[in-house]
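Read the structure below first, then the notes.
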Amino acid sequence: MVRPQPLKSHLTALFQHAASQFAQAEHLSIELERPKQASHGDFACNVAMQLAKALKRNPREVAQAIISSLPASDLVEKTEIAGPGFINIFLKPAAWQNVAPQTLRAGNAYGSGELGQGLKVQIEFVSANPTGPLHVGHGRGAAFGASLANLLAHAGYQVQREYYVNDAGRQMDILALSTWLRYLALGNQFVPFPANAYQGDYVSAMADSIFALHGDRYMRPAADVVSDLPDAAGDPDGHLDGLIANAKRLLGADYAYVHGHAMEEQLGDGRNDLTEFGVIFDCWFSEKTLHESGLIDKAVKQLQQHGHIYEQDGALWFRSTAFGDEKDRVVLRENGIYTYFAADIAYHLNKFERGFDRVIDVWGADHHGYISRVKGALTAAGADADRLTVALVQFAVLYRNGQKAQMSTRSGQYVTLRELRAEVGNDAARFFYVLRKSDQHLDFDLDLAKSQSNDNPVYYIQYAHARICSVLSSWGGNEAELAEADITRLDHPQELALLRRIAEFPDTVNAAARDLAPHSIAYYLKDIAAELHALYAACQFLVDDEELKLARLSLIAAARQVLRIGLGLLGVSAPERMSREENARDADASNQNRA
RNA sequence: GCGGUCGUAGCUCAGAUGGAUAGAGUAUCGGCCUCCGAAGCCGAGGGUCGUGGGUUCGAGUCCCGCCGACCGCACCA
């Protein structure tokens with residue numbers, strides 16, 4: 001709602017009026033762009049070139065005609081025709097000066113837009129299987145999703161953040177089995193631990209805690225556990241499934257305890273990790289409830305009624321090829337258990353039924369082939385698949401000492417999100433994760449992220465904020481009065497450059513929200529920090545001239561406001577002072593190299 | 001093989017609806033602290049935007065071919 005200045009619409013109206021002399025202009029929308037070069041003015045308009053073709057006239061002539069009939073404006077200094085027919089517009093300082101008080105009055109709402117129009121949007125992200133600690137790949141999804149959610153909220157959407165808990169299915173059974181096998185070993189019931197079970201130390205830790213809590217209540221003879229199994233070498237998956245079946249049979253009702261304990265431990269661990277990372281969810285949605293509530297039956301029946309389900313080889317198939325998929329997909333297996341895909345159809349139909357105007361899924365890029373399938377199913381069920389947007393996030397590759405820090409999931413030797421946060425800190429992690437376009441591979445430079453030098457963009461931006469705080473603190477006056485300061489003295493080129501940058505923020509937020517691109521906020525913050533630092537070097541703020549002093553302080557207070565909001569969108573703190581000492585422990589952590 | 005994503009400075013990457021001389025950081029080189037925090041500022045060099053065509057007043061951006069990289073192609077999740 002808070003537009004700092006109707007500046008652009010004011011100028012657009014001027015051009016609309018001037019262009020109306022040409023009949024062809026009625027269907028034309030006037031576009032004003034910010035030229036890259038300062039010598040091209042504050043804004044440039046290309047309407048003359050667009051009109052020239054239809055009019056069959058020289059674009060520069062058309063430009064001249066438009067300029068001649070531009071209504072007078074007290075904000076415009078001058079206009080000129082340039083290049084092939086651009087009209088460059090130079091504004092008076094007054095056009096920009098009001099940006100400072102307007103920003104201050106808007107407060108935390110500055111830059112919040114009307115793009116979302118109060119529409120309800122749900123963003124689902126992370127949604128990692130609770131089968132072990134979150135790793136650095138999940139971290140990127142978490143940072144991206146959380147920043148995107150903040151961004152959409154600032155752009156005027158009502159946002160709900162959701163985590164889909166995959167608490168049903170084979171992976172969870174494997175985790176439960178892995179835990180139980182470690183537990184059995186504590187009672188000297190040794191079963192060879194399968195290579196395709198979960199190897200991590202956290203599994204043994206869970207077994208320890210079950211043993212400590214319940215002693216040998218869940219102990220069973222190893223000989224029974226391994227009875228009647230396919231060979232582990234020849235059929236590893238069959239071997240594993242056999243173990244799971246034996247576990248369920250031998251434990252009976254107790255299996256649910258082991259399964260639930262493991263799931264809750266891992267889910268709780270992930271939740272703590274994310275909370276410390278500043279990533280908070282409004283809703284944790286259980287996949288299991290979809291099975292239990294009959295929503296999956298209902299979804300499949302819905303598809304069936306529309307004639308998109310057929311039976312073959314004892315399974316039920318969804319004819320997804322009718323909706324652009326490469327092959328048809330099974331929804332109900334031969335063994336009577338629904339596939340993950342079937343649950344996902346029900347889940348997405350349920351999202352729509354919960355009243356969201358828009359649904360955004362954040363997925364790992366390796367799932368891109370899954371999109372057409374889900375959208376096809378939604379269409380087949382009679383839903384509007386266009387309300388679903390899938391944002392893909394590519395994997396992050398860590399670099400340390402210029403070399404790739406390899407992670408191999410099989411051996412359980414991967415860098416966890418918790419380790420990353422401990423090494424570089426939450427602020428650097430959040431910032432570096434969203435510094436790249438989400439659908440691009442990310443090279444995460446650990447050394448740069450934790451460096452306390454000017455190389456580090458996080459510190460560069462935070463320092464700009466801290467510098468402003470420091471100046472205002474030295475001044476010691478009443479900051480609330482700065483919004484009322486007389487700002488007509490602001491005319492230094494560097495002051496105007498900063499004002500222009502502040503004025504861009506609302507457009508930047510809207511564009512970033514529209515494109516689901518929080519990285520552009522990160523780039524914007526680097527830009528505004530650069531303008532602030534340049535101004536800091538060019539002008540002194542605490543000068544004797546009281547009027548000039550207040551004007552400049554109001555300007556940097558406005559810059560601080562934008563820095564705070566922008567850093568907040570990315571989940572990065574805006575410290576009032578920078579301290580090197582605090583980071584000493586991080587330096588220690590970095591010495592502990594992983595193999 | 002089929003489908004998808006991508007190729008921009010030595011390196012890491014930005015480049016909204018097609019716009020003027022393609023930008024930033026880093027690295028390299030040279031300057032700036034009696035003054036609000038030098039985690040800063042100013043300047044220099046560095047490019048066939050993978051490649052060949054096409055569309056038009058205008059293409060890094062849109063279309064096609066080729067080369068190269070990555071991802072996906074389960075009754076896993």
Side-chain angles (χ1 to χ4, degrees), chain A residues 29 31 33 35-37 39-40 44 46 49-50 52-53 58-59 82-86 88 127-129 131 166 168-172 174 237 287 313-317 324-327 329-335 337-344 364-372 392 394-395 399 402 435-437 439-443 445 448 451-460 462-464 466-475 507-508 510-512 514-515 517 519-520 522-523 526-527 529-530 532-543 552-553 556 577-578 580:
Chain A
S29 64
E31 303 284 349
E33 58 179 51
K36 295 166 193 162
Q37 278 181 258
S39 63
H40 292 154
N46 65 358
M49 288 181 289
Q50 291 181 42
K53 191 177 184 186
N58 181 320
F86 289 100
N88 293 338
S127 299
N129 289 345
T131 55
N166 300 132
R170 185 164 179 264
Q171 296 306 318
M172 285 309 304
I174 296 174
D237 280 332
E287 179 190 355
D313 305 329
L316 286 187
W317 296 70
D325 198 4
E326 298 164 354
K327 76 187 275 296
R329 308 291 173 175
V330 170
V331 286
L332 183 63
R333 298 186 184 98
E334 201 176 354
N335 63 12
I337 298 172
Y338 284 116
T339 58
Y340 176 86
F341 178 47
D344 224 8
D366 54 337
H367 285 64
H368 72 79
Y370 194 66
I371 298 174
S372 60
L392 297 178
Q394 279 285 2
F395 293 122
Y399 283 83
L435 191 52
R436 300 289 170 245
K437 269 190 301 205
D439 58 355
Q440 298 286 329
H441 287 282
L442 170 67
D443 286 342
D445 187 335
L448 180 59
S451 81
Q452 294 173 41
S453 71
N454 44 356
D455 311 349
N456 194 326
V458 185
Y459 289 123
Y460 183 81
Q462 289 181 322
Y463 180 47
R467 263 186 149 175
I468 297 169
C469 292
S470 177
V471 173
L472 290 172
S473 163
S474 300
W475 169 58
D507 279 350
T508 302
N510 270 352
R514 181 197 59 208
D515 300 336
H519 77 276
S520 34
Y523 278 88
K526 278 165 58 164
D527 288 341
L532 185 280
H533 287 310
L535 175 64
Y536 191 97
C539 300
Q540 182 137 13
F541 307 115
L542 300 177
V543 292
R552 285 183 171 162
L553 291 177
I556 62 172
R577 62 176 58 85
M578 309 294 283
R580 294 168 188 265

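Heavy atoms only: backbone and side chains are in, while hydrogens, waters and symmetry mates are out. Chain identifiers are assigned alphabetically (A, B, ...) following the order of the sequence lines, protein sequences preceding nucleic acid strands; residue numbering begins at 1 within each chain.
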For this session: Considering only atom P, compute the distance from B:G25 to B:A44 and round it to an integer number of Å.
Result: 12 Å

Problem set entry | For atom CD1 of A:I371 and atom P of B:G3, their distance in whole Å | 17 Å

Exercise. Separation of A:D325 atom CG from B:C73 atom C1', in whole Å?
Worked result: 10 Å

Exercise. Taking atom P in both B:C64 and B:C2, what distance in whole Å separates the two?
Worked result: 16 Å

Exercise. Base, sugar-phosphate, or nothing: which does A:Q540 touch, judged by heavy atoms less than 4.0 Å apart?
Worked result: base

For this session: Considering only atom P, compute the distance from B:G54 to B:C41 and round it to an integer number of Å.
Result: 45 Å

For this session: Quote, to the nearest angstrom, the P distance that separates B:A27 from B:G68.
Result: 35 Å

Exercise. For A:D313, which contact category applies under a 4.0 Å heavy-atom criterion: base, sugar-phosphate, or nothing?
Worked result: base

Exercise. Please give, in whole Å, the distance from B:C57 C1' to A:N46 CG?
Worked result: 12 Å

Problem set entry | Candidate nucleotides B:U12, B:C75, B:A77, ranked by approach to the side chain of A:R436 - the nearest | B:U12

For this session: May I ask you to test the A:D366-A:F395 pair for a side-chain heavy-atom distance under 4.5 Å?
Result: yes

For this session: Find the runs of at least 3 consecutive base pairs, i with j, i+1 with j-1 and so on, that include RNA chain B, using Watson-Crick or G-U wobble geometry with both distances under 3.5 Å.
Result: B:1-7 with B:67-73, B:10-13 with B:23-26, B:28-32 with B:40-44, B:50-54 with B:62-66

For this session: Quick one: sort the A:Y340 and A:Y370 rings into parallel, tilted or perpendicular, breaks at 30° and 60°.
Result: tilted

Exercise. Given the P atoms of B:A59 and B:G52, what is the spacing between them in whole Å?
Worked result: 15 Å

Seminar exercise, completed: Taken to the nearest whole Å, CZ/A:R329 to C1'/B:A74 is 8 Å

For this session: First locate atom NE2 of A:H368, then atom CG of A:D439, and finally report the distance between them rounded to the nearest 0.5 Å.
Result: 11.5 Å

For this session: Starting from C1' on B:A77, measure out to CG on A:D237 and report it in whole angstrom.
Result: 13 Å

Exercise. Heavy atoms under 4.0 Å, any strand shown: does A:S470 hit a base, just sugar-phosphate, or nothing?
Worked result: base

For this session: Would you indicate what A:A534 reaches in the nucleic acid, counting non-hydrogen atoms under 4.0 angstrom: base, sugar-phosphate, or nothing?
Result: sugar-phosphate

Exercise. A:H368 on top of B:G72's base, within under 5.5 Å and under 30°?
Worked result: no

For this session: Side chain of A:A537 only, please: which of B:C41, B:C75, B:C36 is the nearest?
Result: B:C41

For this session: Would you kindly compare A:Y463 and A:D443 by the position of their nearest RNA chain B nucleotide and give the one closer to the 5′ end?
Result: A:D443

For this session: Can you tell me, in whole Å, how much space there is between the C1' of B:G46 and that of B:U12?
Result: 16 Å

Exercise. So what does A:K437 touch, heavy atoms closer than 4.0 Å: a base, only the sugar-phosphate, or nothing?
Worked result: sugar-phosphate

Exercise. Between A:T339 and A:V330, is there a donor-acceptor pair closer than 3.5 Å when you use the side chain of the first and the backbone of the second?
Worked result: yes

Exercise. Which part of the nucleic acid, if any, lies within contact of A:D445, taking any heavy atom under 4.0 Å across all strands shown: a base, the sugar-phosphate backbone alone, or nothing?
Worked result: nothing

For this session: Return the value, rounded to whole Å, for the distance between atom CG of A:L392 and atom C1' of B:C70.
Result: 14 Å

Exercise. Hey, does A:A464 reach any base, or is it just sugar-phosphate, or nothing, if we go heavy atoms under 4.0 Å?
Worked result: nothing

Exercise. Touch check for A:Y370, heavy atoms < 4.0 angstrom, all strands: base, sugar-phosphate only, or nothing?
Worked result: base

For this session: For B:C73, decide between syn and anti, treating a glycosidic angle within 90° of 0 as syn.
Result: anti

For this session: Determine the contact category for A:C469: base if any of its heavy atoms lies under 4.0 Å from a base atom, sugar-phosphate if only primed atoms, P, OP1 or OP2 are that close, otherwise nothing.
Result: nothing

Under 3.5 Å, N/O pairs linking protein and nucleotides 16-18 of chain B:
residue: B:A16; atom: O2'; partner: A:R514; partner atom: NH2; Å: 3.2
residue: B:U17; atom: O2; partner: A:E31; partner atom: OE1; Å: 3.3
residue: B:U17; atom: O2; partner: A:E31; partner atom: OE2; Å: 3.4

For this session: Among the candidates B:C73, B:A14, B:C75, find the nucleotide nearest to the side-chain atoms of A:E326.
Result: B:C73

Problem set entry | Separation of B:U5 P from A:F395 CZ (nearest whole Å) | 17 Å

Exercise. Which part of the nucleic acid does A:F541 contact within heavy-atom distance under 4.0 Å: base, sugar-phosphate only, or nothing?
Worked result: base

For this session: Tell me what A:H40 touches on the nucleic acid: a base, only sugar-phosphate, or nothing, going by heavy atoms under 4.0 Å.
Result: base

For this session: Please measure how far the C1' atom in B:C29 lies from the corresponding atom in B:U21, and state the result in whole Å.
Result: 24 Å

Seminar exercise, completed: Side-chain atoms of A:E334 come closest, of B:G19, B:C75, B:C13, to B:C75

Exercise. Would you say A:F86 stacks on B:A20, if stacking means ring centres under 5.5 Å apart and planes within less than 30 degrees?
Worked result: yes

For this session: Please state the C1' separation for the pair B:C13 and B:C32 - nearest whole angstrom.
Result: 29 Å

Exercise. Across the strands shown, which category fits A:Q440 at heavy-atom distances under 4.0 angstrom: base, sugar-phosphate, nothing?
Worked result: sugar-phosphate

Exercise. For A:L532 and B:G37, what is the distance between atoms CG and P respectively, to the nearest whole Å?
Worked result: 13 Å

Exercise. Which is true for A:N166 with a 4.0 Å heavy-atom rule: it touches a base, it touches only sugar-phosphate, or it touches nothing?
Worked result: sugar-phosphate

For this session: Using heavy atoms to find the nearest nucleotide of RNA chain B for A:R577 and A:H367 separately, return the residue whose nucleotide is more 5′.
Result: A:R577

For this session: Determine, answering yes or no, if A:Y536 is stacked on B:C41 under the 5.5 Å centre rule and the 30° plane rule.
Result: no

Problem set entry | Per A:H519 side chain, nearest of listed nucleotides B:A39, B:C36, B:A14 | B:A14

